[in-house]
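Down below is the structure, laid out as structure tokens.
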Amino acid sequence: VIQYILKNVNIHLVLIDALHAVADAFAGSESTLTLYQDPELNDEYLTIYVRMHQYPEHMFEKIDALLPRYQEKFTLTPGWLVITTDFVTV
């Protein structure tokens with residue numbers, strides 16, 4: 001994760017806004033930051049997994065609604081970030 005952040009100038013600006021958006025939208029959630037590496041496409045990007053004790057209905061729609069809070073910062077970096085969940089209960 002650290003190497004990806006260092007390699008992709010200004011991705012930290014996207015990451016900060018995205019984490020704030022997650023914290024605001026999903027109070028009491030746990031966020032896990034990982035680096036997804038796709039071996040077939042030789043692609044990698046940061047992934048924030050939102051994990052909760054109890055998941056709301058329409059979880060993915062709520063996650064998608066966060067995009068406007070950080071998407072404009074993608075113009076500042078070649079990196080990429082995805083917010084998702086794996087429905088692990090915390």
Mind checking side chain to side chain donor-acceptor pair (under 3.5 Å) for K7 and listing every partner two or more places apart, or none if nothing turns up?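 By the side chain to side chain donor-acceptor pair (under 3.5 Å) rule, K7 matches E44.
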When clusters are formed by joining ILVMFWY residues with side-chain heavy atoms under 4.5 Å apart, either directly or through shared neighbours, do [X] and [Y] land in the same one?
X: V9; Y: I5; result: no
X: V1; Y: Y36; result: yes
X: M59; Y: V90; result: no

Taking the side chain as every heavy atom from C-beta outward, state whether [X] and [Y] have any atom pair closer than 4.5 Å.
X: Y49; Y: V88; result: no
X: W80; Y: N8; result: no
X: L15; Y: I48; result: yes
X: T84; Y: F60; result: yes

With rounding to the nearest 0.5 Å, note down the distance linking CD1 in I83 to CD1 in I63.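 So the gap between those two atoms works out to 7.5 Å.
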With rounding to the nearest 0.5 angstrom, report the CG to OH distance, L81 to Y70.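 Here the rounded value is 5.5 Å.
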Nonpolar side-chain network containing L76, other nodes, edges under 4.5 Å: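 L13, all in the cluster of L76.
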Linking Ile, Leu, Val, Met, Phe, Trp and Tyr through side-chain heavy atoms less than 4.5 Å apart, which residues share a cluster with L6?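 Under the 4.5 Å side-chain rule, L6 groups with I2.
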Test ring pair (Phe, Tyr, Trp, His ring centres under 6.0 Å) applied to Y55 - qualifying residues, sequence neighbours left out: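 Per chain and number, Y55 pairs via ring pair (Phe, Tyr, Trp, His ring centres under 6.0 Å) with F87.
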Non-neighbouring partners of D43 that pass side chain to side chain contact (heavy atoms under 4.5 Å, CB included), sequence neighbours left out: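 Per chain and number, D43 pairs via side chain to side chain contact (heavy atoms under 4.5 Å, CB included) with D38, L41, Y45.
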Return the set of residues passing side chain to side chain contact (heavy atoms under 4.5 Å, CB included) with E72 (not counting sequence neighbours), or none when no residue passes.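 For E72 there are no side chain to side chain contact (heavy atoms under 4.5 Å, CB included) partners, ignoring immediate neighbours.
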Which residue pairs pass the salt bridge (charged side-chain N to carboxylate O under 4.0 Å, His left out) test when at least one of the two sits in residues 55-67, sequence neighbours left out?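 Not a single pair qualifies under salt bridge (charged side-chain N to carboxylate O under 4.0 Å, His left out).
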Qualifying salt bridge (charged side-chain N to carboxylate O under 4.0 Å, His left out) pairs, either residue in residues 74-83, two or more places apart: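 Listed once each, the pairs would be none.
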Let me check something: any side-chain donor-acceptor pairs from residues 16-35 under 3.5 Å, sequence neighbours excluded? List them with distances.
unit_1, atom_1, unit_2, atom_2, d
D17, OD2, K73, NZ, 2.5
D24, OD2, R69, NH1, 3.4
D24, OD2, R69, NH2, 2.7
S29, OG, F26, O, 2.7
T32, OG1, R51, NH1, 3.2

Crowded around D86 CG? As in, over 12 foreign heavy atoms under 6.0 Å?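 Yes, CG of D86 has more than 12 neighbouring heavy atoms, counting only those of other groups under 6.0 Å.
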